[in-house]
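Below is one structure; the comments refer to it alone.
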Amino acid sequence: MNYRHAFHAGNHADVLKHWVLTRVLAHLQRKATPFRAIDTHAGLGFYDLTADEAGRTGEWQDGIGRLDTPFAADVEALLAPYREAVAAVRARHGETVYPGSPALIREFLRPGDQGVFVELHPADGAVLHARYNQDSRTKVLALDGWTALPALIPPKERRGLVLIDPPYEVPGEIERLGRELLKAVGKWATGTYLAWYPIKDVAAVDRLAAGLDAALPRPALRLDLLIQRPDPTRLCGSGLIVVNPPWTLREEADTVLPALAERLAQAGYGAFRCVPLGPPA
């Protein structure tokens with residue numbers, strides 16, 4: 001309840017998370033049948049990078065702020081849905097805005113698709129409600145994300161994604177991520193899950209990945225982006241476990257993650273990981 005994403009919007013972790021999110025959303029759009037996108041820890045929806053919170057940390061400058069210069073053509077082709085969605089949100093809300101996951105999801109929703117945004121923090125939830133509960137394609141729920149997750153799946157559309165990105169304020173939350181993800185996959189086996197985690201203690205992430213590799217009944221990918229040399233005292237990167245990834249995502253990540261690791265590197269260090277987990281696809 002103390003975490004406020006306004007201090008961190010647009011940072012390196014957002015770049016990774018939101019690039020993967022937009023790749024999955026673009027993949028879901030390829031079929032005409034409706035889909036549902038669920039965000040379990042939604043925040044404000046979008047953030048002003050000139051506001052006091054973002055100004056105090058300046059984290060966005062080493063994240064989205066480093067993407068102004070184009071990459072090689074093959075990387076830019078895979079970044080295009082992300083860049084286009086950011087531009088669309090800025091056209092709607094202002095050039096200094098950075099979109100959170102709800103704003104990005106909204107840009108991909110067609111008539112018949114649904115976005116469900118869950119936020120427990122009272123102040124953030126009120127802002128999110130005002131911004132998104134007037135659109136018939138989106139719904140805001142004032143609930144704990146972990147509680148909402150099993151209640152919201154499987155959706156009636158039977159197609160879609162779940163983004164799980166808790167604030168990691170409570171000890172043991174990365175272990176809880178593994179447990180809750182396995183329960184969710186057991187309840188809705190065909191959904192695509194994006195489970196985000198910060199990387200401080202690399203050993204804890206390795207344990208999470210090993211446990212999921214052994215227990216997941218569905219194929220998954222581990223996608224890590226490190227922008228500093230690993231150090232358990234500070235955030236040195238972030239990652240996602242993607243369950244039921246689009247069949248193209250591994251090859252796409254092998255193209256984009258090295259470019260992001262090089263561009264977002266700090267103190268001369270950048271690294272990435274893209275490895276399969278669970279049974280073969």
Side-chain angles (χ1 to χ4, degrees), residues 1-22 39-71 79 81-108 115 117-132 138 140 145 163-169 173 194 196-200 225-228 231 233-240 260-261 263-267 269-270:
M1 290 293 288
N2 295 317
Y3 177 84
R4 310 304 293 275
H5 192 66
F7 291 94
H8 312 290
N11 69 0
H12 60 86
D14 268 1
V15 171
L16 173 64
K17 176 171 59 179
H18 292 153
W19 174 70
V20 176
L21 174 63
T22 54
D39 186 347
T40 63
H41 299 79
L44 293 173
F46 58 85
Y47 304 87
D48 185 355
L49 298 181
T50 64
D52 178 65
E53 296 91 340
R56 285 195 222 173
T57 64
E59 290 184 15
W60 69 270
Q61 297 176 40
D62 288 324
I64 187 68
R66 291 197 186 185
L67 301 193
D68 290 344
T69 302
F71 292 88
L79 287 174
Y82 172 52
R83 289 198 186 276
E84 290 165 5
V86 172
V89 174
R90 287 178 169 172
R92 196 187 314 278
H93 299 293
E95 287 300 314
T96 63
V97 158
Y98 182 78
S101 302
L104 292 171
I105 289 170
R106 183 187 182 279
E107 294 303 320
F108 285 84
F117 310 140
V118 181
E119 179 53 51
L120 181 62
H121 192 286
D124 289 1
V127 172
L128 190 69
H129 187 280
R131 288 174 171 174
Y132 292 104
T138 56
V140 176
L163 173 62
I164 307 168
D165 56 341
Y168 294 94
E169 293 181 302
E173 201 149 28
L194 288 72
W196 180 86
Y197 48 84
I199 300 177
K200 291 183 179 179
L225 179 64
L226 290 165
I227 50 83
Q228 294 183 15
D231 181 339
T233 67
R234 64 173 184 260
L235 180 69
C236 55
S238 66
L240 290 151
L260 291 179
R263 181 71 62 86
L264 301 180
Q266 298 180 18
Y269 184 89

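Values in this document were obtained by computation on a predicted structure and should not be read as measured data. Every heavy atom of this structure was used, including side-chain atoms; hydrogens, water molecules and symmetry mates were not.
In terms of modelled atom types and a separation under 3.5 Å, the side chain of Glu173 and the main chain of Tyr168 share a donor-acceptor contact. For the pair Tyr269 (side chain) and Gln266 (backbone), a donor-acceptor distance under 3.5 Å is absent. For the pair Thr57 (side chain) and Phe7 (backbone), a donor-acceptor distance under 3.5 Å is present. Side chain of Arg56 to backbone of Ala51: no donor-acceptor contact under 3.5 angstrom is found.
Between Ile105 and Leu21, some side-chain heavy-atom pair lies under the 4.5 Å cut-off. Side-chain contact check for Pro102 versus Leu128: some heavy-atom pair is nearer than 4.5 Å. When side chains are defined from C-beta on, Lys200 does not count as touching Arg234, because their heavy atoms never get closer than 4.5 Å. The side-chain heavy atoms of Ile64 and Tyr82, taken from C-beta on, include a pair separated by under 4.5 Å. Inter-residue side-chain proximity for Leu163 and Thr40 is flagged as unmet; no heavy-atom pair is nearer than 4.5 Å. Looking at Ser101 and His18, their side chains come closer than 4.5 Å, going by heavy atoms from C-beta outward. Taking the side chain as every heavy atom from C-beta outward, Leu194 and Leu240 approach each other to under 4.5 Å.
From Leu44, atom CG reaches atom OH of Tyr132 across 9.5 Å, with rounding to the nearest 0.5 Å. To the nearest 0.5 Å, the span separating CG on Asn11 from CG on Leu16 amounts to 10.5 Å. Summarising the geometry, atom NE2 belonging to His8 is positioned 9.0 Å from atom CG belonging to Leu235; distances are rounded to the nearest 0.5 Å. The CD atom of Gln61 sits 9.0 Å away from atom CG of Leu49, with the distance rounded to the nearest 0.5 Å. Rounding to the nearest 0.5 Å gives a distance of 10.5 Å between CG of Leu79 and CD of Glu84.
Under 3.5 Å, the side chains of Asp14 and His5 contain a donor-acceptor pair of N or O atoms. Using a 3.5 Å distance cut-off with no hydrogens or angles, the side chains of His12 and Ser238 do not pair a donor with an acceptor.
Residues that satisfy the ring-ring contact (aromatic ring centres under 6.0 Å, His included) test with Trp19, not counting sequence neighbours, are absent from this structure.
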Run the numbers on Asp62 and Leu264 for side chain to side chain contact (heavy atoms under 4.5 Å, CB included), then give the verdict. CA-CA 7 Å; Asp62 288 324; Leu264 301 180; over 6 Å; no
For Cys236 and Asp231, what are the C-alpha separation, side-chain angles and deciding distance, and is it a side chain to side chain contact (heavy atoms under 4.5 Å, CB included)? CA-CA 7 Å; Cys236 55; Asp231 181 339; 5.5 Å; no
For Asp39 and Val118, what are the C-alpha separation, side-chain angles and deciding distance, and is it a side chain to side chain contact (heavy atoms under 4.5 Å, CB included)? CA-CA 6 Å; Asp39 186 347; Val118 181; over 6 Å; no
Verdict with supporting geometry, Thr22 and Phe108, side chain to side chain contact (heavy atoms under 4.5 Å, CB included): CA-CA 8 Å; Thr22 54; Phe108 285 84; 3.8 Å; yes
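When ring centroids are compared, His41 and Phe117 stay outside the 6.0 Å threshold.
Smallest separation of non-hydrogen atoms from Thr69 and Arg83: O-NH2, 4.2 Å. Pairing each heavy atom of Gly10 with each of Val15, the nearest pair is O-CG2, 4.3 Å.
Cation-pi geometry between Arg131 and Phe46 is met: under 6.0 angstrom from the ring centre, within 45 degrees of the axis. Remark: Arg263 qualifies as a cation-pi partner of Phe71 under the 6.0 Å distance and 45° angle criteria applied to the six-membered ring.
The side chain to side chain donor-acceptor pair (under 3.5 Å) contacts involving residues 85-97 comprise Asp48-Thr96, Arg92-Glu107, where partners must be two or more places apart or lie in separate chains.
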